[in-house]
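First comes the structure, then the notes that go with it.
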Amino acid sequence: MTGVTGAAEGAVKDVPGARAAVVPGGFGRPSLGARLLGPQRRNLWFWAFVGPFAIGLGLFTYVPLVWSVYLSFFDAHNTVSPTGEEFVGLDNYASMLTDDAFLGSLGTFLLFTVFIVPATYALSLALALMVNRLRFAQAFFRSVFFLPTACSYVVAAVIWKLSIFNGVRFGLANTVLGWFGADQTAWLSTTDPPWYWLVIVTVRLWLQAGFYMILFLAGLQRISPQLYEAAAVDGARPGWQTFRHITFPQLRATSVAVVLLLVINAFQAFDEFYNLLSDARGYPPYARPPLVYLYYTALGRDQNLGLGSAGAVILALIIAVATVVQARWFGLGRKED
Amino acid sequence: MHDALTRAGRALRVVVLIALALLFLIPFYLLVRNGLATERDITAPDWRFFPHALQWSNLTEVFDDPSLPMGRALLNSTLIAVSTTVGTVVLASLAGYGLARIPYRHANVVFYAILGTLMVPAAVTFVPSFVLVSSLGWISTLRGLVIPTLFSAFACFIFRQYFLGFPKELEDAARVDGLGYWRTYWRIVVPNTRPVFAAVGTIVFIGAWNAFLWPLVIGQDQEAWTVQVALSTFTTAQNLNLHELFVAAAVSIAPLVVVFLLLQRYIVAGVERSGIDD
């Protein structure tokens, strides 16, 4: 970053007239206006380019966050500008943290993460390894596995809920099981055993594995062929040994990024849960991840925005802590110093 | 012996890949099969891989059903996806260029303030953003559906990284010729960095077309439904027509599959270049 800025400054000095605009130390202070504009009006230009974006981001990310923290201290039903009388201090936080449904939603997220992160990691890495070594039809296989990325969770949920895992006889899964003489299963409404997890996890696995396969393929391309040659000279057999000692360690940076992305995306899960599990009667009491819980709390019938905001703040804190812990753990940012 | 093993391994790998590819394609096949079948064929107790007859009239039927406003929803989705894509690319590329190339004392602070929002997922911002948009009176409006989503830190980050790698000599030559920052950006940088614009544009377009939570929360009136919200609502309808739902779902992803297959090269480059892993 600093290197780039320095280089830019060096380059600008060659431009005629640039010198005059650069403030020389000790030759009298330039006016406030001149200082605000910066040398060559660069400050002005900087804000002309970055300003619209930065203001929008501030308005639609930072302002709502601050407002939400404020709302979280009020009993704000159906209102976004509560009066002083509705101030409830930390009550919203207390009721959130003692609410079994909220804690249950965190548990749902954890369980979902335990399923989806290793499954997606393993499948996308396996796909990348197999596709990478192909000598023919590589582009075809890559396209096939990547194509589901274009599908929305809503469409995928329609296919999973009403065709593959339809609980009636014509559902594909029940049909196939029927060929082996198995009974029909009501995949989404059976809670014991919780078959709905199979439906939820496979949707996301299908939809996102190709995306992470692309990341792994890029990582594989970056590994120097010389490493493999050296390993072969040292007697490492192709296959498991090479993977264990060369490929896998070389993919460390990609793996860290993939795991971080998988966890944060699992945390944001909403679309497939909502579309798979809710029906004309509403959403069942089980399998509510944080976002589904917040949706029904803050935007449900009683629009409890104060309570919903408190929940959002708690989630933000959890994410902040988790991110720092993960970054420390994986040693992110170390090389930048 | 060893060679035979490798050859067997290679053959096994191809077999596994073909099996997986078929598995990955089954959902698309089901979408088309159910979308073009009669209701009777879909719900028949004995499974048929191909329906008795393809019922193309499903395609017109889906646009005539008042409980599933497909025409309006497709129009809304198109408007939203196009304006989101254009807006995001313009705003993020300008900001990315400013951050990469215009020396400013506090550029780092601004950059980290932008990057920091990547750590704040939608799970946290959607309630507060809803609060803001509803107090602006933007519920069920195009601006409410589009404007809050235009400021993508991710897109800004990709543009900045890409512009940092752009040969500086070209720009310096332009500066010597007397071009200011704006004209350098518009005449030199943009025409020479089209692939990154294509990559970010396609990724944003797909994301906007497939977005669900925000359109669900903001597009409350039926006139403001996107394709995804319309499909989702129809899924929970009382007496559901499966063939109609599936043909609607197929129609909703058809434009995207075309865009995806045509521009896949750019999407792959964009995903790879997102730079998250280095």
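Letters A, B, ... mirror the listed sequences (proteins, then strands); counts begin at 1. This structure is a prediction, so every number in the text was calculated from the model and none was measured. Side-chain atoms are counted along with the backbone in the values below, which use heavy atoms only and exclude waters and symmetry mates.
Of the possible polar contacts, none joining the A:Trp67 side chain to the B:Pro128 backbone as a donor-acceptor pair under 3.5 Å is found. The main-chain N or O of B:Ala113 is found under 3.5 Å from a side-chain atom of A:Tyr62 such that the two form a donor-acceptor pair. Looking only at distances, a side-chain donor or acceptor of B:Asn210 sits under 3.5 Å from a matching main-chain atom of A:Ala150.
Contacts between A:Leu71 and chain B at a heavy-atom distance below 4.5 Å involve the side chain alone, from C-beta outward. A:Tyr295 touches chain B through backbone and side chain together, each having a heavy atom under 4.5 Å away. Using a 4.5 Å cut-off between heavy atoms, A:Thr149 contacts chain B through both its backbone and its side chain. Neither the backbone nor the side chain of A:Arg41 comes within contact range of chain B; no heavy atom of the residue lies under 4.5 Å from a heavy atom of that chain.
Residues B:Phe126 and A:Phe270 keep their aromatic ring centres 6.0 Å or farther apart. You'll find the ring centres of B:Phe28 and A:Trp206 inside the 6.0 Å limit. Between B:Tyr104 and A:Trp47, the distance from one ring center to the other falls under 6.0 angstrom.
A donor-acceptor pair shorter than 3.5 Å can be found between the side chains of B:Asn34 and A:Ser163.
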For this session: Test B:Ile102 against A:Asn43 for side chain to side chain contact (heavy atoms under 4.5 Å, CB included), laying out the working first.
Result: CA-CA 8 Å; B:Ile102 307 179; A:Asn43 295 357; over 6 Å; no
Problem set entry | Worked check of side chain to side chain contact (heavy atoms under 4.5 Å, CB included) between B:Ile18 and A:Phe141 | CA-CA 8 Å; B:Ile18 291 173; A:Phe141 282 108; 3.8 Å; yes
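The shortest side-chain heavy-atom distance between B:Phe24 and A:Leu147 does not fall under the 4.5 Å cut-off.
Put simply, of A:Val154, A:Ile264, A:Ile164, the one with the most heavy-atom pairs under 4.5 Å next to chain B is A:Val154. In terms of non-hydrogen atom pairs under 4.5 Å with chain A, the most contact-rich of B:Val227, B:Thr43, B:Leu245, B:Ile114 is B:Thr43.
Taking the six-membered ring where the residue is Trp, A:Phe146 and B:Phe260 present tilted rings, their angle falling between 30° and 60°.
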